[in-house]
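In this text, all values refer to a predicted model and were calculated from it rather than measured experimentally. Position 1 is the first residue of the sequence, and the numbers go up from there.
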Amino acid sequence: MESQLQSIFEDVVVGDRFDERTKLVSCLGAFRQYWSTLPQESHDQCVQWIVRFIHSQHSPKRISFLYDCLAMAVETSLLPPRMVCQALMSSDSLEWERTQLWALTFKLIRKIIGGVDYKGVRDLLKAVMDKIQTVPNFMSSAVVQQLLAAREVVEYILDRNACLLPAYFAVTEIRKLYPEGMLSHWLLGSLISDFVDSFRPTARINSICGRCNLLPVVNNSGAICNSWKLDPTTLRFPLRGMLPYDKDLFEPQTGLLRYVLEQPYSRDMVCNMLGLNKQTLNIAQHKQRCPVLEDQLVDLVVYAMERSETEEQFDDGGTSQLLWQHLSSQLIFFVLFQFASFPHMVLSLHQKLAGRGLIKGRDHLMWVLLQFISGSIQKNALADFLPVMKLFDLLYPEKECIPVPDINKPQSTHAFAMTCIWIHLNRKQLTRFLFLSVFRFLQQSLRNKSLPMTDYKIALLCNAYSTNSECFTLPMGVLVETIYGNGSMRITLPGTNCMASGSVTPLPMNLLDSLTVHAKMSLIHSIATRVIKLAHAKSSLALAPALVETYSRLLVYMEIESLGIKGFISQLLPNVFKSHAWGILHTLLEMFSYRMHHIQPHYRVQLLSHLHSLAAVPQTNQNQLHLCVESTALRLITALGSSEVQPQFTRFLNDPKTVLSAESEELNRALILTLARATHVTDFFTGSDSIQGTWCKDILQTIMNFTPHNWASHTLSCFPAPLQAFFKQNNVPQESRFNLKKNVEEEYRKWKSMTVENDIITHFSMQGSPPLFLCLLWKMLLETDHINQIGFRVLERIGARALVAHVRTFADFLVYEFSTSAGGQQLNKCIEILNDMVWKYNIVTLDRLILCLAMRSHEGNEAQVCYFIIQLLLLKPNDFRNRVSDFVKENAPEHWLQSDWHTKHMTYHKKYPEKLYFEGLAEQVNPPIQLHLQYLPIYFGNVCLRFLPVFDIVIHRFLELLPVSKSLETLLDHLGGLYKFHDRPVTYLYNTLHYYERHLRDRTNLKRKLVHAIMSSLKDNRTPGWCLSETYLKCAMNPRDDNVWIPDDTYYCKSPGPFPNCDWRFNEFPNPAAHALHVTCVELMALAVPGKDVGNALLNVVLKSQPLVPRENITAWMNAIGLVITALPEPYWIVLHDRIVSVISSAVLSSETEWVGYPFQLLDFTACHRSYSEMHCSYILALAHAVWHHSSIGQLSLIPKFLSEVLKPIVKTEFQLLYVYHLVGPFLQRFQQERTRCMLEIGVAFYEMLQAVDQHSKHLAYMDPICDFLYHIKYMFTGDSVKDQVERIICSLRPAMRLRLRFITHISKMEPAAAASTATSVPQNEPVAFIKTFY
């Protein structure tokens, strides 16, 4: 090859017989002939040889001539321009020192680059800029002129009118070479910076206004989405594309992470934000140490030290105590899972505290460090703890011995913390004398074998010696014996023949708080081991009440999760079940029902799965345990948070049976109601008509296979539309009431005609026989006022599990009986018999019967009769009302503060004993039957507490049926006090008002009654102002219909709280912000004002000039409005759409002559606000961004429809179009991650709006930013997924726009066919793959 090429070119170069033109033609002719014989794969090599040959020449004239040859070869389509340009740029001889070669080469490239395809131009731009980087900063000005040829090539490539490539490609390459804050090469001058600046509008279109000031509510549904993700190494927002975003978006978001870290129960959100995975704990190669997280934890400790300097008291439950408590928990978690390094953090603390003189909080800091040191000293090297020495020297400058603190105060454990650290480290051969007197006190206390429980000496000894088994045995032994109870002492528990160990006083919370994590882990391990041991031994003696209560209290500590709740669910429960220790199992389920707080949802759903497995085991088919299993399952299902349902149940999509009941229609109905509420509150189904393709389809289908059922129309009408459609399609034929009546009569005739006792018992109790026996008992009582002994035997034989079906049928039969009752005397007789069956004969418990009645699907008059029966059962006799009244009067819900719960519990059960084995019937039959029962231990439960989750369901059923509103008010008047003991009263109220917003719009009295009944039940147990505002209590609780209170703007501008401090571990909500959000929403929904008006009033808080809203905090107020309004039902937040329409239709945006400023400046809210030049449209933009940033993906999914149906018809001007792009652009990333279909629909809508603007406008001034944004969408989000829809639109645009967008459709300005053939085609459903090829 070389010899032939040499002969072609050297002859021409050397010879001078012909003129230049002739030489050129001759050379090209010879080369053409040779080129045609070359195989395709040798073309590159050939061109590279030519370039090397040219660059080996020293005569500029020869080089110029040969470059002319190359140029002509390209112009005549002999050589591909891309190949030539690449060969030229890759030549080693192309150096800036050869200035003439440099100039000639770049002139040639400038001449032929127009024929290179756009991806080739991108590669050349990168290559040219890399070459320019080799030019030094200091050189002779004589050669600069020739070097500028390279700049001209870059200038030509970047010329938007030349349109050699998408400008988006160019800015990407530039930003890779010159990242944010780095200046471009001097040779390129302002060319690069001006070009990058032209992309600032595109960056702003993709930016959320004031994003750095938006903060989430931890554990709120919006907090688990992708909006809050940060880069775990830099703490920056994960911005898409190499665009010149505003500087603050490139800054580390330390404020956001710090704010989240400060919140109790925020650790899961922190892990979600930073992408930290707990599962890698034991995998050394996957350690995920996160230095930025360490820094923020250290800053929080420093902040706590500063706070301690100003607080007088520590042990008063104040903010300082709560902060240190929280810090201790956070540190343990993040260091334990190796997301933070203990030595690094201590060194950093020393550095930040040095010279500050902050010593008032030093004991609290040492207490926090002691938590980790005591638990890890035996596993880690001494070097890990040496940094604590430096901190000690800094914080304890005293020369004299520190005196012994007062051990009667809980804070003494903090004062002893440093001494405890020294004792632990002393085992690693370290000693100090500053704490000698404290150390001697501890040594002396150890020698005293009788340790009192009246002070904190036991806690101090446990903390100091938890790693020294010889010394630790004594204090821990005292704690354990205190709660285990003396073996010889016995006490009775509720029920028959149920005895327990004698200790009844649990360890108080302030004592448990005074133990280190290591000591608490030892205590909980000891308790769990003892329980398992007793389970294996099948001891007939129940656990001591003190042990059960103390164990419950220990489970609240998140720091000991592995031995705490995780061990409870995954080890203790299975072990107890395997041992068939049904008494202990009943105890554990009671603990979960009445004593657990803030249990993570995956543990709760795991327990639910265990319970469904348990329900199928023959041994659990006994009345008390079956009732407990079903009650616990019901609590678990109804207590699921709206934002928890989808994440948890999608984990079981492969096998949904595990979280569903195979038998209990009531539990499956409760799950469907929870699912309906959750999808409504989170707007999951918004904009959707079917459940096809969604996570809940298989769950619903499995439920219908297990327990086929229907829903009453008034209940179904409250379901989200896709759920309604599902149940209408899967309608189940129901047995007619007439057939039921006939079957009961027939069975009753058999009962009366059969004479052999065994045959009767067998017939009515055998599996598969109609579940009508309770109906027969009803008829016996109605006709004879008596049930014989055989009736009792049949009930016993039927068994607890099968009896549920009989209760279900009985509920339907009751409705039929009451519907056809003649009224008067007969009705009273029916009521009396029904109450006797519950309270006199103990045939069925009240909570189960009410649950069955409430879950039946009656229509019209029969539904009213059903609810009438419920009301009669609850209120007509005094039995239940007295139980509720006494329980509410004598007890308080703050169980964690009580030491005498067991005494009150026993007093109540003695007055109102639970009878779960038909004892009343056994006594009434003739002759009476002697029962030999042994009840399972009952530590916390009773009929009132069991009824609470049923009452929740009853209230909802009554709300659905308008004619029974008055009955509901009566129920609330008499039984509302029970909500004093509800685990989540505010959440229940929030869910109820949210889910039934449509039903309650015009029923303001009922709304008020509901809010008043639930909130007033807690008035004696909460500090004033904990929930409803003073203004609301004073004005809105007025029951007069003729004087409805309409709040003014001032009411909406008053921020809630400040709320009283409380122990968030036992609070309904995990942190103050979550509490504030929910109580604010409850109050707003409770107003006698339409949702639309409330929504508008909330928007006006920032849109109207308000004296109570300081201008400098406007983004914080927008953040609050966004949080509140998105937590309300759709009518409240949909008003934002009306405001957007109003702005887009306004003269400022709709008239091209009305406002002639720079639109991107107008829409930069932050800059405008700072300069006092903001306009209404920029306020709406910023507020919309704040609202949508906090919105669920369900709420956001209305945007495509809003764009296509509402905005598209009114967008006619360029300003309107840019406003819409600014409005929606920042949310495309979220749509791509969470709902791709919406992203594609929005992409198409953007082009359709552009088409309308193009047709309507004579002149387009901002074509380049518009096109840059559309390219950003293509390369970052949609790929070629919308190509078919937009190609037609692009072809209809004006030529200048079409030219700029031609790379989206791959239509070349000169060779459409060729361009199309080289275009990269992407599968329709894989935009991500396309994006990867781009990079």
Side-chain angles (χ1 to χ4, degrees), residues 366-367 370-371 373-379 404-431 435-489 501-531 533-534 543-544 546-547 549-551 553-554 557 560 563 899:
M366 290 306 157
W367 171 254
L370 173 63
Q371 305 301 308
I373 291 170
S374 62
S376 59
I377 188 85
Q378 294 170 311
K379 303 172 194 167
V404 177
D406 182 356
I407 62 166
N408 292 304
K409 294 182 178 177
Q411 70 193 76
S412 62
T413 51
H414 288 213
F416 272 81
M418 192 65 228
T419 309
C420 294
I421 289 174
W422 282 119
I423 290 171
H424 288 295
L425 293 180
N426 191 41
R427 295 175 66 76
K428 299 265 183 182
Q429 280 67 54
L430 287 165
T431 54
F435 299 99
L436 195 57
S437 57
V438 181
F439 175 69
R440 285 173 177 162
F441 172 80
L442 289 172
Q443 289 285 309
Q444 186 181 345
S445 300
L446 263 183
R447 289 192 284 273
N448 182 4
K449 299 301 178 186
S450 61
L451 294 170
M453 293 291 291
T454 51
D455 56 28
Y456 288 87
K457 196 180 288 181
I458 289 179
L460 294 170
L461 292 173
C462 285
N463 297 345
Y465 298 105
S466 62
T467 54
N468 183 334
S469 54
E470 294 171 24
C471 303
F472 187 55
T473 310
L474 172 66
M476 183 52 69
V478 173
L479 282 184
V480 165
E481 282 308 308
T482 303
I483 57 172
Y484 285 179
N486 189 307
S488 59
M489 189 178 167
S501 297
S503 182
V504 297
T505 307
L507 297 181
M509 279 305 297
N510 51 14
L511 176 64
L512 296 178
D513 284 342
S514 300
L515 295 172
T516 60
V517 167
H518 194 228
K520 281 197 277 274
M521 290 181 88
S522 298
L523 179 57
I524 201 168
H525 177 70
S526 172
I527 291 173
T529 307
R530 181 177 177 89
V531 172
K533 186 179 171 186
L534 290 171
L543 303 174
L547 182 146
E549 189 82 72
T550 302
Y551 186 26
R553 290 176 180 182
L554 282 165
Y557 293 97
I560 57 173
L563 285 177
S899 58

- Message: Could you tell me if H424 and S374 have a donor-acceptor pair between their side chains, going purely by distance under 3.5 Å?
- Response: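 No, H424 and S374 have no side-chain donor paired with an acceptor closer than 3.5 Å.
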
Is [Y] close to [X] at the side-chain level, that is, under 4.5 Å between some pair of heavy atoms?
X	Y	answer
Y484	S526	yes
L512	Y557	yes
L479	L515	yes
S522	F472	yes
I483	I527	yes
P506	R553	yes
L523	L507	yes

- Query: Is S503 reaching over with its side chain to a backbone N or O of T482, donor-acceptor style, under 3.5 angstrom?
  - Reply: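 Checked: pair present.
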
- Item | Stepwise side-chain contact (heavy atoms from CB on, under 4.5 Å) check, R530 with L547 | CA-CA 10 Å; R530 181 177 177 89; L547 182 146; 4.0 Å; yes

What's the separation between atom [atom1] in [X] and atom [atom2] in [Y], rounded to the nearest 0.5 Å?
X	Y	atom1	atom2	answer
K379	T467	NZ	OG1	12.0 Å
C420	H414	SG	NE2	11.0 Å
L451	K457	CG	NZ	7.0 Å
M476	H525	CE	NE2	11.0 Å
I458	S514	CD1	OG	11.5 Å
Q411	D406	CD	CG	8.5 Å

- Task: Could you tell me which residues satisfy side-chain hydrogen bond (donor to acceptor under 3.5 Å, both in side chains) with D455, sequence neighbours excluded, listed by chain and number?
- Result: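 None.
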
- Message: Checking E549 now: which residues fulfil side-chain hydrogen bond (donor to acceptor under 3.5 Å, both in side chains) with it, not counting sequence neighbours?
- Response: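 In terms of side-chain hydrogen bond (donor to acceptor under 3.5 Å, both in side chains), with neighbours along the sequence ignored, E549 is linked to R595.
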
- Query: Taking all non-hydrogen atoms of both residues, which atom of A464 and which atom of I423 are closest, and how far apart?
  - Reply: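 Result for this residue pair: O-CG2, 3.3 Å.
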
Not counting sequence neighbours, which residues clear side chain to side chain contact (heavy atoms under 4.5 Å, CB included) with [X]? List them please.
X	value
A417	M366, W367, L370
I524	Y551, L554, L555, I560, L563
V504	I491, P545, H902
S376	F372, N380, F385

